[in-house]
Amino acid sequence: MEPSPKPRVALVGCGAVAQLYYTPALRELEADGRLSVVAVADPNSLNAAQVRAQFPTAAWARDASELPAHAIDLAIVASPHSMHAKHSIQLLNAGVSVLCEKPMASSVADAQAMMDAAASASGVLAIGMSRRFLPATQTIRRLLALNVLGDITSFNFSEGDASFLWPVASPGYFRRGDAHGGVLLDIGIHALDLMLWWLGEPIETVYEDDAMGGIEVNCRLRCTFSQGAVGEVRLSRDCALANRYTLRGTKGWLTWTVNQADGFEIGFEGAGHLLKAELYEAVHTIPHAGPGKAALNFEQSFVSQLSNVLGAMSNTEALLVPATEGIAAVRLVEHCYRHRRLMPMPWLSQSETLRGTELNRPDLGIRKAMAPEPIRAGRRSGSDFEAARCRLPEQLAQPALTDKATDVGQP
Amino acid sequence: MSLKLAIIGANGFIGSRAVELLHLEGLAEVRPIVRSINSLARLSRFDLDCRVADARDQAALRTALEGCDAVVHAVSGDPATILGSLTPMYQAAQQAGVKRFIYLSSASVHGQAPAPGTDENTPLNDRQPIVYNNAKVRAERRLLSLRKTGGVELVILRPGIVVGPRSWWISSFASSLLAGDAYLVNQGQGICNSIYVDNLVQAIYLAARTPQADGQAFLVGDAETINWADLYTPIAHALGFDLNEVPNLEYVKPPRLNWNGLIRKVRTSHRARHLRKIVPKALRRAIRAALTREAPPLSPWADRTQTRNRPPASPQATLEMALLYRCPYKLPHAKAQQVLGYEPVVSFAEASRRTLGWLEFSGYPVRQPWHFSSNEVGRARAPLTCAGQPVP
């Protein structure tokens, strides 16, 4: 019997996520003989060269449209997320299966167009929500399904750091017109996806953020579920938050540290001790089951993700994150942006808050960047400065620096 | 709004609040300048003409500064960064046609515990025991020297302890309380020459607009005379602690740090503790192994038995804190009042309220609000040698 040919893989977008996570995973699977990386696409030749250094035989194209689709079975779309829909649809229409990095798209309309393309295509469309492949998040989902914590009454997910550590290559990452969103669309899509995966769809979501003409750096969601659970998701690119997800139920509670692949803590009502779980592969032997190898780590979750997609392409397993589930998180993000309001920021003066509220307008669509009104000249009531100026002697109310003569002499 | 103001170091604590306040109040057309793309993160809330340029890259700075009336140097860092950024920045401002250069120096040019009577006329000393102070003294001298031959006007501001949202003085004390390693010296009874960040932004704004300020240095501070216990009592209370129970330490000159001691110091820092929570374990172990030159533990169990039941490191007072906590003198800002028209716009009580609000916003477990009584602020808990302003 002839061995089945190895799937031929292309990497579209050779930026940070491709270099840090997909390249090692692809190398591992290539070494195992499970796939072959045949092409990379990136307009930045340096980025492409970084990845091709690991896959010397891979061809380079500047754009996904230049890839030889007939010679590719699977494309990993890791381009900037505003390009996800375009690249994914192109490739799906050409008969190529797609694993699209998160977020699936910048708008529900784009995500729906991707799903429509996938419906009439021969390939599969998977969404790269890699956290679903962590042993810890999978085990938590199982514990919740088994009602180990009882009925979930509340939860609190927090994620943020005072410094932005992800190696960004372009200032466009932080521009509203290019990025179409901030912390919610970026890292927040993981938090929302896990919330939806663990708890289902909320019946009500209240959202606030601090975008004032730009993208949100801080945001908070309050979600209510039909079973009565109420919880908060707090995200930040500005504050060092706890980086923990806590779920509370009628029987106990569970806490997971962000990105911890192999463990979490769980406690039960009335119990004097908590359980600090460290995960191992389960080995089912007779007569006793026991721990096998240590659970996969964070980086290895990308190998699992790719394996799942390869399995779906060969019809041997179901996709863990199909597009129908990827779009759910995008839908929730879009709902948030449409109904955004300004987060209370207690350090702002009254007039700053008023101006911030003017600038914090709901988006009518994520991709349509709002052009905020220009700042009005002059001070507004409620300003600390205005109050101070009122107290100053008149002779000290100086003209602006630019109002005086332009010659700059020696001191 | 005719003032076009560039702020270099706009992602930092002072710079980011200056951008926020001046932009939202419509006081200036702000151009934030940061060193790296990642530093744009905090500023991306606003639709501003942000630029990326290293503070030591004169050519990049020149391009970034074009069209601006004034530039604020709000770059923080070690002495090499402080001193290395001055000439490129000043020359770039001159080439770009910027009219005024505002340098954020520090009241620490007078030392952490200045003698009563100290003001802007007091001669500066660059042989102090704190290297930061010396760097700031030398920075002022270098800029004044550049001004003698350069065409860009220069105003130097000397803020004291800058407090408020995102202030290290606030977040580090709150984190220390929660971590169990907070301490005071002298029961926190020394004068804290505080300035709420909005008051400093007010001084920056005035420094950019006041013609006669050129070539001068100005001490700037809050209106009230407070001590360190006044500053920290609301924070402790809000987090559920009693400041009276915070250990009171004396400064002990430490032995010179060896390599492992230095690594331990970095590892036990608040920043490292936070990063430890979010950096994947495999990467943490690799970093630890590389730094300590030790093999990583073979088994996670070995790692746990080593760390289990380890007592928390006891805090040690630093020389800087020991001096600050014994400060006997409220620095005056009379010159800033006279020349710049500076008046602190936010009271200490309001500043504390806003700061506690920020702590809660930032995820600190704020349990209860703090209410000031009329005699709470500035109340001396021990006799002080204070020639500062009267308590309002």
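So that the names make sense, note that chain A is the first sequence line, chain B the second, and so on, each numbered from 1.
Taking the ring pair (Phe, Tyr, Trp, His ring centres under 6.0 Å) definition, one finds that Tyr207(A) meets it with nothing, sequence neighbours left out. Residues satisfying the ring pair (Phe, Tyr, Trp, His ring centres under 6.0 Å) test with Phe218(B), not counting sequence neighbours, are none.
When heavy atoms are compared at a cutoff of 4.5 Å, Ala261(A) does not approach chain B at all. Only the side chain of Asn218(A) comes within contact range of chain B, with at least one heavy atom under 4.5 Å from a heavy atom of that chain. Using a 4.5 Å cut-off between heavy atoms, Thr353(A) makes no contact with chain B at all. If you measure heavy-atom distances from Arg175(A) to chain B, you find no contacts under 4.5 Å at all. In this structure, no portion of Phe13(B) lies under 4.5 Å from any heavy atom of chain A.
Around the CZ atom of Arg222(A), the shell of radius 6.0 Å holds no more than 12 heavy atoms that belong to other residues, nucleotides or ligands.
Counting heavy-atom pairs closer than 4.5 Å to chain A, the top-ranked of the candidates Arg42(B), Arg166(B), Glu360(B) is Arg42(B). Between chain A and the options Trp358(B), Phe361(B), Phe46(B), Tyr364(B), heavy-atom pairs under 4.5 Å are most frequent for Phe361(B). Each of Ala41(B), Pro165(B), Gly357(B) has some count of heavy-atom pairs under 4.5 Å with chain A, and the biggest count is that of Ala41(B). Counting heavy-atom pairs under 4.5 Å between each of Ile215(A), Asn360(A), Val183(A) and chain B puts Ile215(A) at the top.
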Next on the checklist: What verdict does the ring pair (Phe, Tyr, Trp, His ring centres under 6.0 Å) test give for Phe133(A) and Phe302(A), after you've listed the backbone C-alpha separation in whole Å, the side-chain angles of each residue and the deciding distance to 0.1 Å?
Outcome noted: CA-CA 8 Å; Phe133(A) 292 86; Phe302(A) 284 81; 8.8 Å; no
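Relative orientation of the Phe155(A) and Phe157(A) rings is tilted, given thresholds of 30° and 60° on the angle between their planes.
Ion pairing between a basic and an acidic side chain is recognised when a charged N comes within 4.0 Å of a carboxylate O; Arg100(B) and Asp214(B) show no such pairing. By the 4.0 Å N-to-carboxylate-O rule, Glu350(B) lies close enough to Arg353(B) to be salt-bridged with it.
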